[in-house]
Participant: 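Take this structure first; my questions come after.
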2 protein chains.
Amino acid sequence: MSKILIVDDDKEYRENLKEILDNAGYPNDMAGSAKQAMQKLGDQQFDVVLLDFMMPGIDGINALGEFKKISPNSKIIMITAFASIENAVIAIKKGASEYISKPFKIEALLLMIKQVIEELRFEGNIKKLKLEGTLSSLSNSIRREIIRLFQTSKKIRLMETARKLDIEDHTKLIFHLKTLRAAKILRQDMKHAYMLTKEGKKVLECLNILDNYLSDK
Amino acid sequence: MSKILIVDDDKEYRENLKEILDNAGYPNDMAGSAKQAMQKLGDQQFDVVLLDFMMPGIDGINALGEFKKISPNSKIIMITAFASIENAVIAIKKGASEYISKPFKIEALLLMIKQVIEELRFEGNIKKLKLEGTLSSLSNSIRREIIRLFQTSKKIRLMETARKLDIEDHTKLIFHLKTLRAAKILRQDMKHAYMLTKEGKKVLECLNILDNYLSDK
DNA sequence: CTTTTATGTGAACTTTTCTTCACATAATAG
DNA sequence: CTATTATGTGAAGAAAAGTTCACATAAAAG
């Protein structure tokens, strides 16, 4: 179950929020200051942070930036009594996922929490899929050779590649090029030449890293 | 074709060696001092270094250590006029692949070169195989999950793992554990518990690296 | 000491991945 | 404008990877 951190300097309000989360069944923890919150964020993994804007010391917006640095994968929901478009914009720019102003309906907050957790789940899957695709692309030696060709060339063409890799049947090569295209590692320009995507460049770097990593005794 | 670096402060001897290598068809380059040699080694990839022992400044043995640091995958052949068992032992300990004393037959040197190049080719294959094994192991998600279990545990047992990964048929898990064992990523202790090999620890690190690398936008 | 749980093997089978082949169309060179 | 080279598709088949099942033995628990 997704864990939530409540950050609010107002004890009463804080415990109020805790009760709401407890009733909704979310495991949660509380912090009464930005400092305490950062410590907890560094310590454990929280999926969502409920952050109240009006805090003494570093104010909420600054805290927000710090929190994101410490725990970039946590979703942050800003809660504030002094809502304004400017503040909302700043908060979102600094990395808040949602912005809600007091007073709010409990259901509205719970819905928001549900949504960001859903986003989190989705992003996690995307990440997993990307790793999946990358590793299955790299599992084939022909595909690795293709990717390595981009060490020196920016673009490669089909038949030229076939000759370089000494592959007689060009349709075999097309199969692997297609696989790499499906994995978003390669793309083609208007004139059919193949080139690395942004993702593909990362994959090439990964390959180099693995090479180095595995080679030294 | 394999590239060779000749390091010798005696100009005449150096050019003598160059002629031999040219005739044998090996691309080569020369350095008249350890310093110059280190520069060239840092610059380009040499497969073999022919290193003469009696050099001014840092003597050959010290140079040897430096060379190995700069270019750990190059094979170094020590050539010396003052052969002794002690020196030979030191040279090999410091990373020389071969040790030959003057005067020597040209054929003996060429044979030596051929041998170390062959070793190099072989080691290259080993490296390729290791990458192959690692990537094909990581291409399967069950195996990745198994490896990740070692993030927190030092040893895992079969049925415990099956429960953690929610795999009903334990023979399926055995299949993947076997695969990982074959890839030298896992091994078993006397009491059948599975643990990471030294290589396996690297693989886990690689997996973490890939995770990080692919996750950030 | 017998019942249960853990660990394992080998063969049959399924699924996925890879290769090959027959064929088609577009681009380029002569 | 015709021959050649480049690029591609889809289906059939081969090979590799993964799963399941029937069965076996060893270790631990009662």
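Chain letters run A, B, ... following the sequence lines, proteins first and then strands; every chain starts at 1.
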Participant: Whole angstrom is fine here: how far is it from CD in Gln188(B) over to C1' in dA27(D)?
Facilitator: 15 Å

Participant: Taking all non-hydrogen atoms of both residues into account, name the closest pair between Lys155(B) and Phe150(B) and its distance.
Facilitator: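 Smallest interatomic distance, heavy atoms only, reads CA-CE2, 4.3 Å.
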
Participant: If you look at every strand shown and take non-hydrogen atoms under 4.0 Å, does Ser136(A) touch a base, only sugar-phosphate, or nothing?
Facilitator: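 The residue Ser136(A) makes no contact with any strand.
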
Participant: Measuring from the side chain of Arg157(A) (C-beta onward, heavy atoms only), which nucleotide among dA6(D), dG8(C), dG8(D) has the closest atom?
Facilitator: dA6(D)

Participant: Using only heavy-atom distances, decide whether a donor-acceptor pair under 3.5 angstrom links the side-chain of His192(B) to the base of dG8(C).
Facilitator: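 Flag unset: no donor-acceptor pair detected.
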
Participant: If you round to the nearest 0.5 Å, how far is CD of Glu199(B) from CG of Leu186(B)?
Facilitator: 12.5 Å

Participant: So, do Met78(A) and Leu64(A) sit near enough that their side-chain heavy atoms are less than 4.5 Å apart?
Facilitator: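 Yes, close enough: below the 4.5 Å cut-off.
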
Participant: Rounding to a whole Å, what distance do you find between Glu168(B):CD and dA6(C):P?
Facilitator: 15 Å

Participant: For a quick check, tell me whether the side chain of Thr179(A) and the base of dC18(C) share a donor-acceptor pair closer than 3.5 Å.
Facilitator: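 Under the 3.5 Å cut-off, the side chain and the base do not form any donor-acceptor pair.
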
Participant: For dG18(D), does the base pair up with any side-chain atom of His176(B) as donor and acceptor (N or O, under 3.5 Å, distance only)?
Facilitator: no

Participant: Let me spell it out: for each of Phe175(A) and Lys191(A), pick the nucleotide of DNA chain C with the closest heavy atom. Which residue's pick is nearer the 5' end?
Facilitator: Phe175(A)

Participant: Whole Å only: how far is the CG atom of Leu165(B) from the P atom of dT19(D)?
Facilitator: 12 Å

Participant: What's Glu160(A) touching, base or sugar-phosphate or nothing? Going by heavy atoms closer than 4.0 Å.
Facilitator: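 Counting heavy atoms under 4.0 Å across all strands, no contact is made by Glu160(A).
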
Participant: So which one's nearest nucleotide on DNA chain D is more toward 5', Arg181(A) or Thr171(B)?
Facilitator: Arg181(A)

Participant: Rounding to an integer number of Å, can you tell me how far Leu186(A) CG sits from dG8(D) C1'?
Facilitator: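 Atom-to-atom, Leu186(A) to dG8(D), this comes out as 16 Å.
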
Participant: State which residue, out of Asn23(B), Asn28(B), Asp29(B), fulfils the side-chain hydrogen bond (donor to acceptor under 3.5 Å, both in side chains) condition with Lys18(B).
Facilitator: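 That would be Asn28(B).
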
Participant: As a test of reading the structure: which of dT19(D), dT7(D), dT20(C) is closest to the side chain of Lys172(A), going by heavy atoms?
Facilitator: dT20(C)

Participant: Which nucleotide wins on minimum distance to the side chain of Asp169(A), given the candidates dA6(D), dT20(C), dT20(D)?
Facilitator: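 That would be dT20(C).
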
Participant: In whole angstroms, how far is the C1' atom of dA17(D) from the NZ atom of Lys178(B)?
Facilitator: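 In whole Å, dA17(D) C1' and Lys178(B) NZ are 14 Å from each other.
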
Participant: Figure out the CD1/C1' separation between Ile174(B) and dA22(D), and round it to whole Å.
Facilitator: 14 Å

Participant: Considering non-hydrogen atoms only, spot the tightest contact between Glu119(B) and Lys75(B) and give its length.
Facilitator: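 Closest heavy-atom pair between Glu119(B) and Lys75(B): OE1-NZ, 3.0 Å.
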
Participant: Side chain of Arg163(B) only, please: which of dT7(C), dA6(C), dA6(D) is the nearest?
Facilitator: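 Comparing dT7(C), dA6(C), dA6(D) against the side chain of Arg163(B), the answer is dA6(C).
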
